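Please read the structure below before turning to the comments.
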Amino acid sequence: MFPGNLLSIEDLSVPAMDEIFERAAYYKAKDRGANFTALKGKNIVLSFWEPSTRTRVSFELAARKLGGNVIDLRPDQNSEKKGESLEDTVRTLGSLGANALVYRHKVPGLFGKIAGLVDFPLINGGEGCYQHPTQALLDIFTLKEAGVVLSGLEVVMAGDILHSRVARSHFLALPAYGARMTLVGPPAFLPPELVPPGMGYSYSLDDVLPRGDVLYLLRVQTERHRRLFSSSAEYAAMYGLNEKRLAALKEKTFVMHPGPVNLGVELSRGALHVLEKVYPEKILIQKQVQNGVYVRMAVLDLVISGRMMA
Amino acid sequence: MELLLKGGILYDPAAGWAGPAEILIRENKVEAVSGSPLTVDVPVVNLQGKVVLPGLIDMHVHLREPGEEGKETIASGCAAAVAGGFTSLACMANTSPPADNKTVISYIQERVRKTGLARVYPLGTISKGLQGQELSNMWELASEGVKGFSDDGRPVMDSGLMLKAMQYALSLGLPIISHCEDLTIAEDGVVHAGPAGYRLGLPAIRPAAEAAMVARDLLLQEEVGGKLHFAHISSKKSVALLKWAAKRDVPFTAEVTPHHLFLTEEAVEHFSTDAKMNPPLREEADQKALLEALQEGLIGVIATDHAPHTRQDKEKDFLAAPFGVVGLETALPLVITLLLSKGLISWEQLVEFFSIAPSRILNIPGGTLAPGSAADLVVIDLQEERRVEKDNFYSRGRNTPFQGWTLKGFPVLTMVDGDIKMLSGRVKGFSPDFADILDAAMEKGYI
């Protein structure tokens, strides 16, 4: 039942996601002092064609904690300059004994084509504006851990929806658990055709803020909003979470962010300070980062062992 | 060549003919068309109930030569044309170097002569070097024989330059063929701005990118007059603008491609680069509007926008792969199978879209088989059913989104200037067994 690859949340059924969460909880509970061996003797190749710190380190830690060998392939475009195709590179990794490849790439669709051609699993660590499945998984794990009931949950997702792979993974994952999403952002980041059927959207953060049980802030890349707004301050004024807007949140609203936060853009320093000092239980950003390791341990374990069984 | 075609059903609306006909070909021309048996001492081929049409004309083809012979050559493109039932085509000017001077035009004409398959009418560029900065030497191009002007592949972004081009073309009596795309709206888009493209996280081109420029050109045209032809109209929004212009009696013509008629954005699922084209495949509502516009005559031409690319080009990732699909070898069977056989258009309309209208717009021979006309014709077997197999294409381009589709109704004989260029899928000069097949048919006296 477990898929051979994890390219998109589409690859996962709800039971498969549940299995990941169960395994992640197990690893988290036993983490201290335990000596896991699930990936002993396995070679996990990390290949990030786009800059990444937290996701790469998170996968690396996950693989190491399970006893795996991590090969950190840092593509410097040398192979591409030599005219070697991505497909050849990935095939070569297979010949060298890779047991899994975790990739990140700015172009969507490349690895989906290669997945059928190699006999080891591919795991998406962030693909263009298309999918970032482990982020959605670790977010849901974090919500469950915080005791949130997903069925009927109202998630307000704010920011650059158009360019967000995290949003596209959540379009599939959160509704699968019965959560409802409302998308909010400037019209240029939120074309109506992008909004999945049945999902709400708005161009006013203030209008939708009070309805969220979860406020999920997306990172807004400065080079993108610079083309739409005269300044970051303009964007922040319209779509950023600041101290004033904190007051509009429901009592129990959780605040999430996939990181790294652009302080002063989607989240003001003041609001972050208040959340951290006064309502530390509401802000899940650090928990998301911590849980990322356990969720990725579960993913690596299940995807790699699932493939072995198949 | 002297030949009597018996037993065919001729649709020649320009001559008011629809029914059984004997067609006598002599000295490259149609000498006689008759409803009753002709008795002449010439070789006879009995068509056994197959359909005969005036040769098809594709007014939107990228032949790629000179400059990109890996994608297509004039020879391979012409072979694809006659294999698909086309006897004439107009080739776009975005070659390398571009067709903005008479040297390139005469080079193309020379290659066409050497190939000796289809008639090819080169189009000249609107702007020098396709740069959109200065007008090309339009008179010089016209005197070298171009039948129209287009920067196709790119829009003319500068509205003032477009105005001057339209005025210039008016004085030469030639059409401007407009590729409508406001690049400041389209930006780096690669797919339609619809649910399927957005789901994949691909940069999108909204219909307004096309419609904004259709509107601009119509406004200019209303003041200038002359011949304005819209290439590859793809969206219902553009159709609405054409409707508006027709009501105001603004003179224009427009074309639609088979891929925009028969596919939607859903074809980009799985990041298939064979579904990457510009303008992009849109939605069902657009398809419906395009079909209605065709049925009503608002859009009067079906053209393929045949845009061959190498396998290597199309194997690039979705963002980097070039736009375009091939169309010469699938257009007619697609239109027969999906429009004609379903009763959505008549034979008369099919001939209008594929032959009469393009010949009128470009002011080139064709569109009829009335006695005295050039003997350019296509014979269609409505019973022939097969799957589209790209590896059997004569075109060098294999980039078709219709691979594997089962179609019914294929051209089985293409004649250009009284000479049979394609018979039963074999192309003269390309298929080793062409002469044998032709001899056998002549001996038997039927196909």
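In the text below, chain A, chain B and the rest are named by the order of the sequence lines, each starting its count at 1. Owing to the predicted nature of the structure, the values given are computational and were not obtained by experimental measurement.
Remark: A:Asp72 engages A:Arg56, A:Arg74 in a salt bridge (charged side-chain N to carboxylate O under 4.0 Å, His left out) (not counting sequence neighbours). Applying the side-chain hydrogen bond (donor to acceptor under 3.5 Å, both in side chains) test to A:Thr142 and every residue at least two apart in sequence or in another chain returns A:Asn291. Residues forming a ring-ring contact (aromatic ring centres under 6.0 Å, His included) with A:Tyr239 (at least two apart in sequence, or on another chain): A:Tyr235.
Contacts between A:Leu162 and chain B at a heavy-atom distance below 4.5 Å involve the side chain alone, from C-beta outward. Contact annotation for A:Leu110: only side-chain heavy atoms (C-beta onward) come within less than 4.5 Å of a heavy atom of chain B.
Counting heavy atoms from C-beta on, the side chains of B:Phe318 and A:Pro108 never come closer than 4.5 Å.
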Report the donor-acceptor contacts between chain A and chain B below 3.5 Å as a table, one pair per row.
from	atom 1	to	atom 2	distance (Å)
A:Lys113	NZ	B:Phe271	O	2.7
A:Arg168	NE	B:Tyr198	O	2.5
A:Arg168	NH2	B:Tyr198	O	3.1
A:Arg227	NH1	B:Glu187	OE2	3.0
A:Arg227	NH2	B:Glu187	OE2	2.5

